[in-house]
Colleague: 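Got a structure here, written out as structure tokens. Questions coming.
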Amino acid sequence: GAVVSQHPSWVICKSGTSVKIECRSLDFQATTMFWYRQFPKQSLMLMATSNEGSKATYEQGVEKDKFLINHASLTLSTLTVTSAHPEDSSFYICSARGTGVWNTEAFFGQGTRLTVV
Amino acid sequence: AQSVTQPDIHITVSEGASLELRCNYSYGATPYLFWYVQSPGQGLQLLLKYLSGDTLVQGIKGFEAEFKRSQSSFNLRKPSVHWSDAAEYFCAVVGHNTDKLIFGTGTRLQVFP
């Protein structure tokens, strides 16, 4: 399968600062990328969907000004958590879909554990 | 709206025993169906998927799943569980006209030696 690399794997930041998480498709062009949030022992909740070159589409209840998503190229999407607070601490996972043979499933990154102190 | 139900939050089996994890979906038509596995602190790995055709699909690590339209189910099975299969398992669905992958709540599998 295709490889999606997410970086960093974990990050600790101070309350009030911003954190950027990168999601890269290494061997295919990701026309669509998805960002999920996962609380401990819970399922993945879709935060937003982004298509390359377009603004992200956020799910209901997700603050677009707090969770900035950029999908500037076919291999890179970023999620920036702005003015982070302890309640933003969570596991964030990205996934990517491409075209053609890369379209029938979403490929997931390894996830990023964010801890806000 | 689409939804996925995994009735079993936690399942415990002995190593070598058979396994079946249940998944039911709600959707107006036949969606694409997936099973993913997640180890602690890790991303998701695809076990198998159903897109069309044969309703019994084979996946990696000896897993299989059967799509039953009449029951709106896509249960995951493995004839003999290994200790390394202990993980969280997620069933997911995506509609034909949407990009969104909707996940079930997950089933945590514990394997005893």
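Protein chains get the first letters and strands the later ones, always in sequence-line order, with residue 1 at the start of each.
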Colleague: Is A/Lys20 salt-bridged to A/Glu22, cutoff N-O under 4.0 Å?
Modeller: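 Answer for the salt bridge query: no.
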Colleague: What part of B/Gln45 gets closer than 4.5 Å to chain A, counting heavy atoms only: side chain, backbone, both or neither?
Modeller: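 Contact with chain A: none, neither part.
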Colleague: If you count heavy-atom pairs under 4.5 Å with chain A, which of B/Glu88, B/Arg108, B/Lys100 comes out on top?
Modeller: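 If we count pairs closer than 4.5 Å to chain A, B/Lys100 comes out on top.
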Colleague: With a 4.5 Å heavy-atom cut-off (strictly below), which parts of residues 35-45 of chain A touch chain B? List them by number.
Modeller: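 Within residues 35-45 of chain A, near chain B: A/Tyr36, A/Gln38, A/Lys41, A/Gln42, A/Ser43, A/Leu44.
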Colleague: Could you check B/Lys78 against B/Asp85 for salt bridge (Lys or Arg N to Asp or Glu O under 4.0 Å), going step by step and ending with a plain yes or no?
Modeller: CA-CA 10 Å; B/Lys78 185 168 184 177; B/Asp85 293 325; 2.8 Å; yes
Colleague: Checking heavy atoms, do the side chain of B/Phe103, its backbone, both or neither come under 4.5 Å from chain A?
Modeller: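 Contact with chain A: backbone and side chain both.
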Colleague: Output yes when a side-chain donor or acceptor of B/Glu15 lies under 3.5 Å from a complementary backbone atom of B/Trp83, and no otherwise.
Modeller: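 Yes.
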Colleague: Examine whether an atom of B/Leu46 lies under 4.5 Å from a heavy atom of chain A, and if so say whether it belongs to the side chain, the backbone or both; otherwise answer neither.
Modeller: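 Only the side chain of B/Leu46 comes within 4.5 Å of chain A.
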Colleague: Can you find a side-chain donor-acceptor pair between A/Gln6 and A/Thr112 that sits under 3.5 Å?
Modeller: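 Yes, a side-chain donor-acceptor pair sits under 3.5 Å.
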Colleague: Once you measure the plane-to-plane angle for A/Phe108 and B/Tyr36, does it fall in the parallel (<30°), tilted (30-60°) or perpendicular (>60°) bin?
Modeller: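 Rings of A/Phe108 and B/Tyr36: perpendicular, over 60°.
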Colleague: Among A/Thr82, A/Thr80, A/Asp88, whose side chain to side chain donor-acceptor pair (under 3.5 Å) with A/Lys66 holds?
Modeller: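 Filter result, single survivor: A/Asp88.
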Colleague: Looking at B/His82, I'd like to know if its NE2 atom is crowded, meaning that more than 12 non-hydrogen atoms belonging to other residues, nucleotides or ligands lie closer than 6.0 Å.
Modeller: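 More than 12 heavy atoms, drawn from other residues, nucleotides or ligands, come within 6.0 Å of this atom.
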Colleague: As a quick check of understanding, evaluate side-chain hydrogen bond (donor to acceptor under 3.5 Å, both in side chains) for A/Thr32 and A/Asn51, giving each step before the final call.
Modeller: CA-CA 5 Å; A/Thr32 306; A/Asn51 293 294; 2.8 Å; yes
